[in-house]
Protein chains: 2
Amino acid sequence: MSITIKDIAKKAEVSYATVSRALTNHPEINEETRRKVLQIAHEMGYRPNAIAKGLVTKNSRTLGLIIPDITNPFLSEVAQGMGDYASQNGYQVFLCNCNWDVQREKEHLSKLLSSRVDGIVIAPVSDDISHILRHKEEIPIVFAAYKPNAEKCSFVTTEDVRNVSLAMEYLVKLGHKKIAYIGGPESNSADIARFHGYRSILEKNAIAMEPHYVIHDQYTISSGYRNTKQILENCDLPTAVLAGNDIVALGVIQAIEEFGLSVPGDISVIGFDDISYASLNKIQLTTIHQPKYKIGELSAKVLIDRIQNPEEKKDSYEILESKLIIRKTCRGISSY
Amino acid sequence: MSITIKDIAKKAEVSYATVSRALTNHPEINEETRRKVLQIAHEMGYRPNAIAKGLVTKNSRTLGLIIPDITNPFLSEVAQGMGDYASQNGYQVFLCNCNWDVQREKEHLSKLLSSRVDGIVIAPVSDDISHILRHKEEIPIVFAAYKPNAEKCSFVTTEDVRNVSLAMEYLVKLGHKKIAYIGGPESNSADIARFHGYRSILEKNAIAMEPHYVIHDQYTISSGYRNTKQILENCDLPTAVLAGNDIVALGVIQAIEEFGLSVPGDISVIGFDDISYASLNKIQLTTIHQPKYKIGELSAKVLIDRIQNPEEKKDSYEILESKLIIRKTCRGISSY
DNA sequence: ATAATGATCGTAAACGTTTACGAAGGGTGA
DNA sequence: TCACCCTTCGTAAACGTTTACGATCATTAT
């Protein structure tokens with residue numbers, strides 16, 4: 001169908017090995033014939049077949065990125081960071097969205113492996129990553145926004161447990177004791193770490209955990225909304241809620257205000273990620289800032305480094321800093 | 001390195017053609033030997049090499065999606081829709097983000113072509129799509145959220161000019177005459193259509209266009225903010241602003257409120273797309289709803305249909321409806 | 001018994017590249 | 001002049017599949 005190296009060879013009256021050499025900047029070729037070949041290739045509108053090339057060279061200059069939800073501002077910014085870095089380094093990325101579905105995560109992983117991408121970065125849906133680790137000898141894998149507790153893994157993330165401490169210590173310092181937790185999917189890695197942090201700070205401050213105050217659901221606005229409503233209608237009112245991330249926090253605020261209460265007047269709300277909408281003056285969400293773009297960028301860097309230096313250490317990682325951003329959805333309360 | 005068909009053949013004591021037949025559900029094979037081969041393949045952890053397969057079958061079960069900005073909620077939802085549909089039909093999508101950079105769009109297009117994806121859907125950065133059309137004989141291409149004015153093109157979009165009419169007629173009906181337009185990148189397809197609509201409704205209602213009221217910049221919050229500030233500080237105040245999309249509108253509102261004015265008290269604001277944040281009760285943005293997910297889904301459908309029935313018409317398209325969502329950022333004014 | 005048929009499988013070519021190896025030719029030094 | 005080397009190029013194998021074609025064998029019909 002399309003033009004191949006042989007077509008060019010015929011027209012240029014050289015062997016097709018020579019054409020290949022011309023196209024790949026191989027040194028063993030006369031400069032003049034190279035120019036001639038390139039000229040003809042260009043005239044004929046030749047486009048190299050990356051598939052065939054990949055078959056013999058065993059690399060595709062292609063990376064895979066698997067994320068739970070492309071619609072999530074945190075993750076899409078991670079994807080952007082990775083895409084930019086990859087692009088600048090001559091790699092292209094296969095972005096795969098699995099809609100919080102582990103099954104689809106597996107399918108994507110499998111297809112990526114079949115496609116022989118050069119490496120994969122993944123923000124796992126679930127904390128059970130055994131199906132991922134199974135392939136870490138076949139192909140370079142780096143975890144993004146997740147810290148696997150396994151040997152010899154690459155990852156780049158922030159320290160989620162510590163992040164939560166930032167938020168929780170702040171809340172406690174403000175005098176809050178009745179703090180609800182509205183997180184993400186129960187088996188999700190981020191949720192597990194954040195919930196763990198939530199519990200440990202509670203313990204540390206000798207505050208009993210109220211089971212009705214903790215809910216694991218989805219990382220969506222409507223989940224935050226729905227579950228907050230549920231708490232408001234059925235429980236003793238909390239004085240603060242720690243949302244699993246910013247979009248959940250937006251739903252939480254929505255529910256509180258619809259319930260006739262005010263944020264932070266009656267209930268304080270703190271989020272996670274610091275998405276761009278959080279800083280709007282209509283929102284002014286107090287939250288934990290995460291270096292989203294940087295996470296994506298560094299994930300790509302760590303991955304590409306590992307691809308290009310396969311013999312080096314297999315467990316390079318980066319732990320980035322996050323910080324508390326105090327805006328206007330939390331306030332101090334008098335302890336009584 | 002990894003296990004090939006030949007390794008299986010050796011172990012199963014058959015030819016590798018037989019192995020291939022077993023793996024591809026070919027009819028010309030004994031059911032018993034198929035089972036044996038599949039069993040061994042599974043035991044050995046065989047993973048088909050999609051590259052090699054693609055070389056001979058000439059298709060990769062892979063689609064490309066090129067969008068200007070993955071961070072944009074409109075576009076990420078389009079991507080989600082496309083990904084879901086593709087996934088359900090056994091295709092995987094190569095999502096490429098070009099950060100509003102035409103150069104990167106070209107690079108991605110070129111790499112996608114080299115990778116021999118089966119088809120491409122693209123939401124073009126610029127209204128100049130000649131570099132894209134050049135390839136429409138080589139590979140099925142469908143435009144998403146864009147209506148190309150060229151022959152024999154597939155696309156799925158809403159009618160942007162009509163969408164703007166919805167917004168502008170509403171504004172005019174409310175009594176607004178001094179309407180600012182803060183749009184996207186000047187050469188961007190959506191911006192061109194929307195601006196065109198803006199002008200024609202102005203004309204239709206015999207309202208002179210005030211040049212200082214029209215600004216083309218980026219589709220970001222900060223662009224909306226920056227340019228609105230610019231107008232507020234230097235011009236006669238408009239009574240309404242038509243924002244290029246919802247995130248721009250958020251920036252617009254931000255600027256107006258920081259300027260000490262209120263929305264819609266002093267200035268009405270109308271957006272575009274109806275992103276999920278627009279319906280928050282803190283925001284309540286009046287906007288034009290677009291079927292984002294549906295656009296992605298249908299783009300994938302149209303593309304896959306064309307891939308699977310190459311002989312059919314090459315210009316299948318879908319034009320979806322959008323609608324005005326009246327919330328609380330616009331109000332009527334008395335004409336004087 | 002013989003021919004025809006159908007099921008099952010193997011052989012080999014093909015897909016479009018890269019690359020190891022060897023060959024040819026010209027240049028250089030002694 | 002001869003031996004050697006370097007540059008440049010062609011031949012052919014390899015990458016891991018699919019698939020057209022032919023071969024074999026058993027089954028069936030005549």
Side-chain angles (χ1 to χ4, degrees), chain A residues 1-38 40-41 44-62 110-118 138-139, chain B residues 1-38 40-41 44-62 110-118 138-139:
Chain A
M1 202 63 204
S2 46
I3 296 160
T4 77
I5 243 181
K6 298 192 186 182
D7 301 323
I8 301 174
K10 198 173 296 173
K11 196 157 209 169
E13 294 175 322
V14 294
S15 75
Y16 58 91
T18 302
V19 175
S20 172
R21 279 189 272 256
L23 294 167
T24 52
N25 271 357
H26 198 91
E28 288 185 11
I29 187 177
N30 180 279
E31 193 53 41
E32 193 179 343
T33 59
R34 150 170 296 142
R35 262 200 302 275
K36 185 177 74 178
V37 168
L38 289 183
I40 290 177
M44 298 180 75
Y46 171 72
R47 182 177 308 282
N49 184 324
I51 295 278
K53 180 168 182 169
L55 225 207
V56 16
T57 63
K58 305 251 180 208
N59 58 45
S60 57
R61 285 254 144 196
T62 275
S110 172
K111 269 215 148 188
L112 247 21
L113 258 6
S114 273
S115 307
R116 300 295 195 267
V117 294
D118 295 344
E138 312 170 31
I139 187 176
Chain B
M1 203 62 203
S2 48
I3 296 160
T4 76
I5 243 181
K6 298 192 185 181
D7 301 322
I8 302 175
K10 199 172 296 175
K11 197 157 209 167
E13 293 174 322
V14 295
S15 75
Y16 58 90
T18 302
V19 176
S20 171
R21 279 188 273 255
L23 294 167
T24 52
N25 271 358
H26 197 92
E28 288 185 13
I29 186 176
N30 180 280
E31 193 53 39
E32 192 179 343
T33 60
R34 150 170 297 143
R35 262 201 301 275
K36 186 178 73 178
V37 169
L38 289 183
I40 291 177
M44 299 181 73
Y46 170 71
R47 181 177 307 283
N49 185 323
I51 294 277
K53 179 169 183 168
L55 226 208
V56 15
T57 62
K58 304 249 180 209
N59 58 46
S60 57
R61 285 254 144 196
T62 274
S110 171
K111 268 214 151 189
L112 248 20
L113 258 6
S114 273
S115 306
R116 301 294 194 267
V117 294
D118 295 344
E138 311 170 32
I139 187 176

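Protein atom CG of B:N30 is 14 Å distant from nucleotide atom P of D:dA26, rounded to whole Å. Computed from coordinates, the A:E28 CD to C:dT19 C1' distance equals 10 Å when rounded to whole Å. Look at OH on B:Y46: it is 10 Å from P on D:dG16, rounded to the nearest Å. As rounded to whole Å, 11 Å separates atom P of C:dT18 from atom NE2 of A:H26.
Among the heavy atoms of the strands lying under 4.0 Å from B:T57 are primed sugar atoms or P, OP1, OP2 only; no base atom is included.
When the side-chain hydrogen bond (donor to acceptor under 3.5 Å, both in side chains) test is applied to B:S110, the partners found at least two apart in sequence or on another chain are A:R47.
Between A:A22 and A:V37, the shortest heavy-atom contact is CB-CG1, 3.6 Å.
Heavy atoms from other residues, nucleotides or ligands lying under 6.0 Å from CD of B:E31 number more than 12. No more than 12 heavy atoms of other residues, nucleotides or ligands lie within 6.0 Å of NZ in A:K53, so this atom counts as exposed by the packing criterion.
Between B:T4 and D:dG16 there is no side-chain N or O to OP1 or OP2 distance below 4.0 Å. Of the side-chain N and O atoms in A:K58, none sit less than 4.0 angstrom from OP1 or OP2 of D:dA14.
Toward the 5' end of DNA chain C, the nearer of the two residues A:S20 and B:R34, judged by each one's closest nucleotide, is B:R34. When each of B:T18 and B:L55 is assigned the nucleotide of DNA chain C bearing its nearest heavy atom, the one mapping closer to the 5' terminus is B:T18.
Of the candidates D:dC9, C:dT18, D:dG16, the closest approach to any side-chain atom of B:N49 belongs to D:dG16.
Below the 3.5 angstrom threshold, one finds a donor paired with an acceptor across the side chain of A:R21 and the base of D:dG10.
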